Number of protein chains: 2
Amino acid sequence: MVRGRGHGRGAWWQDRFHDIGARVTAPREVVIDILHETNDHVSAADVYVKAHEINPSIGLTTVYRTLDMLTQMGIVQKFDVGDGKARYELVNNPDGKKHHHHLICLGCKAIIDYSEFLDDELEYIGKTQNRLSKKYNFTITDHAISFYGFCERCRSG
Amino acid sequence: MVRGRGHGRGAWWQDRFHDIGARVTAPREVVIDILHETNDHVSAADVYVKAHEINPSIGLTTVYRTLDMLTQMGIVQKFDVGDGKARYELVNNPDGKKHHHHLICLGCKAIIDYSEFLDDELEYIGKTQNRLSKKYNFTITDHAISFYGFCERCRSG
DNA sequence: CAATAAATGAAAATGGTTTTCATTATTAAA
DNA sequence: TTTAATAATGAAAACCATTTTCATTTATTG
Ligand SMILES: [Mn+2]
Ligand SMILES: [Mn+2]
Ligand SMILES: [Zn+2]
Ligand SMILES: [Zn+2]
């Protein structure tokens with residue numbers, strides 16, 4: 001781990017960028033700031049709208065490219081709710097959310113984070129992961145648990 | 001063509017169709033046959049190609065519509081691997097697969113079914129589902145567990 | 001068979017995402 | 001600081017899975 005570079009707030013991701021030979025640019029900084037400021041599961045278009053408010057010269061293409069790159073780096077988690085557009089959220093970094101999973105409403109597509117009961121999860125996932133990777137000769141690097149159903153508002157309709 | 005309700009091979013889905021007032025048509029029969037014959041996680045285009053071989057007059061639109069309808073009815077499970085096209089598989093019916101989850105290769109997008117260790121899963125999921133639905137006032141109807149990683153072939157490259 | 005409405009297929013539209021390419025900006029070297 | 005190399009950018013176009021439209025066909029019921 002390279003140290004002595006990231007001083008000051010918000011420098012951690014710049015270190016990560018330097019480590020892989022990627023440049024620190026204004027559009028990238030804006031995108032990451034936006035991800036920091038929201039607690040939501042945002043689409044590329046969501047990010048683009050906010051980025052455009054901050055700096056109208058930032059294009060949608062760059063938003064996509066930055067989100068892809070951050071996903072590749074493991075800084076951002078990309079996932080799908082079933083409405084045709086990918087969602088993104090900061091995860092597993094100093095300023096982002098910790099390991100968690102989702103409740104997804106099939107009605108309004110709302111996403112609820114949950115990170116309770118992680119000890120039970122650790123036990124179950126750990127054991128299962130071990131057995132599966134052995135049995136199927138498969139290197140497991142990540143997992144996702146999603147519960148589907150209906151939120152309070154959508155339960156009536 | 002017309003069979004008595006609940007009698008004969010392949011009639012189970014026709015009953016389900018009748019029950020919701022949907023008609024039993026040739027294209028729908030072809031699509032369901034194709035889903036039966038494969039053990040794969042197929043895309044709409046995959047199904048279309050096979051359907052077209054059997055009956056060239058069947059259109060892609062109808063394949064989409066049938067897959068949607070079957071998903072709606074819970075006969076088919078639709079899900080996303082991250083390559084931009086939805087996948088479908090028969091599930092939870094007399095001729096389909098039983099409850100299971102997936103190992104997804106981030107390299108080649110291969111999907112491995114697993115249904116082992118269901119007793120451990122039942123315990124963990126059941127407990128967690130109970131606690132979550134109470135805490136978030138959320139009616140849970142389904143869940144998905146996915147492990148991501150790399151299959152044997154993709155581990156080298 | 002006739003009446004009726006559901007289902008179908010071809011073509012066009014949609015919409016999220018990716019590609020292309022000329023221009024700009026970052027970075028390390030001089 | 002200037003410069004050279006090249007990574008990054010944005011606008012527009014392309015892409016492509018999925019959906020919509022609509023005229024036609026077909027399953028179903030009596
Ligand atoms: Mn989340
Ligand atoms: Mn499966
Ligand atoms: Zn809802
Ligand atoms: Zn693979």
Side-chain angles (χ1 to χ4, degrees), chain A residues 2 5 11 13-32 41-73 76 78-88 109, chain B residues 1-5 11 13-32 41-49 51-73 76 78-88 109:
Chain A
V2 180
R5 235 177 304 123
W13 64 268
Q14 305 190 354
D15 288 352
R16 298 282 317 269
F17 272 49
H18 283 131
D19 287 344
I20 63 170
R23 295 178 179 177
V24 173
T25 67
R28 287 172 175 176
E29 191 156 10
V30 168
V31 168
I32 293 174
H41 304 80
V42 292
S43 67
D46 292 337
V47 174
Y48 170 70
V49 167
K50 293 183 182 178
H52 206 258
E53 287 170 7
I54 296 167
N55 179 347
S57 86
I58 294 175
L60 178 57
T61 310
T62 295
V63 170
Y64 271 107
R65 285 191 282 228
T66 303
L67 290 172
D68 277 355
M69 160 172 276
L70 292 171
T71 301
Q72 211 73 29
M73 296 170 71
V76 154
K78 174 183 181 179
F79 61 97
D80 175 83
V81 198
D83 64 349
K85 33 192 166 182
R87 308 302 184 92
Y88 304 83
K109 310 294 179 188
Chain B
M1 195 70 84
V2 179
R3 299 174 178 105
R5 280 185 55 120
W13 65 268
Q14 304 189 354
D15 288 350
R16 297 283 317 271
F17 272 49
H18 283 131
D19 288 343
I20 62 170
R23 295 179 179 176
V24 174
T25 68
R28 285 171 177 176
E29 191 157 10
V30 169
V31 168
I32 292 173
H41 304 81
V42 292
S43 67
D46 292 337
V47 174
Y48 170 70
V49 167
H52 205 259
E53 286 170 6
I54 296 167
N55 179 348
S57 85
I58 295 175
L60 178 57
T61 310
T62 295
V63 170
Y64 271 108
R65 283 191 284 229
T66 303
L67 291 172
D68 277 355
M69 159 173 277
L70 293 172
T71 301
Q72 212 73 28
M73 296 169 73
V76 153
K78 175 183 181 181
F79 61 98
D80 174 82
V81 198
D83 65 348
K85 32 192 167 183
R87 307 300 185 94
Y88 305 82
K109 310 293 181 191

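Note that the coordinates shown come from a computational prediction; the quantities given were computed from them, not determined experimentally. Each chain gets a letter, A, B and so on, in the order its sequence line appears, and its residues count up from 1.
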Out of C:dT17, D:dT18, D:dA8, whichever nucleotide has its closest atom nearest the side chain of A:K85: C:dT17

Figure out the CD/C1' separation between B:Q14 and D:dA27, and round it to whole Å. 12 Å

In terms of the angle between their ring planes, are B:F17 and B:W13 parallel, tilted or perpendicular, with boundaries placed at 30° and 60°? perpendicular

d(CG, A:D83; C1', C:dT14) in whole Å: 15 Å

How does protein contact run along nucleotides 23-30 of chain C, one letter per nucleotide 5' to 3', with B for base contact, S for sugar-phosphate only, - for none, heavy atoms under 4.0 Å? --BBS---

Interatomic distance, B:R65 atom CZ to B:Q72 atom CD [nearest 0.5 angstrom]: 15.0 Å

First locate atom CD1 of A:I58, then atom NZ of A:K50, and finally report the distance between them rounded to the nearest 0.5 Å. 13.5 Å

Nearest 0.5 Å, what's the NZ-NZ distance between A:K85 and A:K109? 11.5 Å

Rounded to the nearest Å, what distance is computed from the CZ atom of residue A:R87 to the C1' atom of nucleotide C:dT17? 15 Å

Atom pair distance, as rounded to whole Å: OH in B:Y48 and C1' in C:dG9: 9 Å

Quick one about B:T71 and B:D68 (side-chain donor to acceptor, distance below 3.5 Å, no hydrogens or angles considered), yes or no? no

CD (B:Q14) and CZ (B:R28) are apart, to the nearest 0.5 Å, by 11.5 Å

Rounded distance in Å - CZ (A:F79) to P (C:dT17): 13 Å

Could you tell me how far apart A:Q72 (CD) and D:dA8 (P) are, to the nearest whole angstrom? 14 Å

Between B:E29 (CD) and C:dT8 (C1'), how many Å, whole number? 16 Å

Value in whole Å for how far the P atom of D:dA27 lies from CD1 of B:I20: 17 Å

Pick the closest DNA chain D nucleotide for B:A45 and for A:P56 by heavy atoms, then say which residue is nearer the 5' end. A:P56

List the steps, then state whether side-chain contact (heavy atoms from CB on, under 4.5 Å) holds for B:V49 with B:E53. CA-CA 6 Å; B:V49 167; B:E53 286 170 6; 4.0 Å; yes

State which residue, out of B:L67, B:T66, B:T61, fulfils the side chain to side chain contact (heavy atoms under 4.5 Å, CB included) condition with B:V63. B:L67

For DNA chain C, find the residues of residues 57-71 of chain B with a heavy-atom distance under 4.0 Å and give them by number; none if there aren't any. B:S57, B:I58, B:G59, B:T61, B:T62, B:R65

How many angstroms lie between CG in B:N55 and CD in B:E29, if you round to the nearest 0.5 Å? 11.5 Å

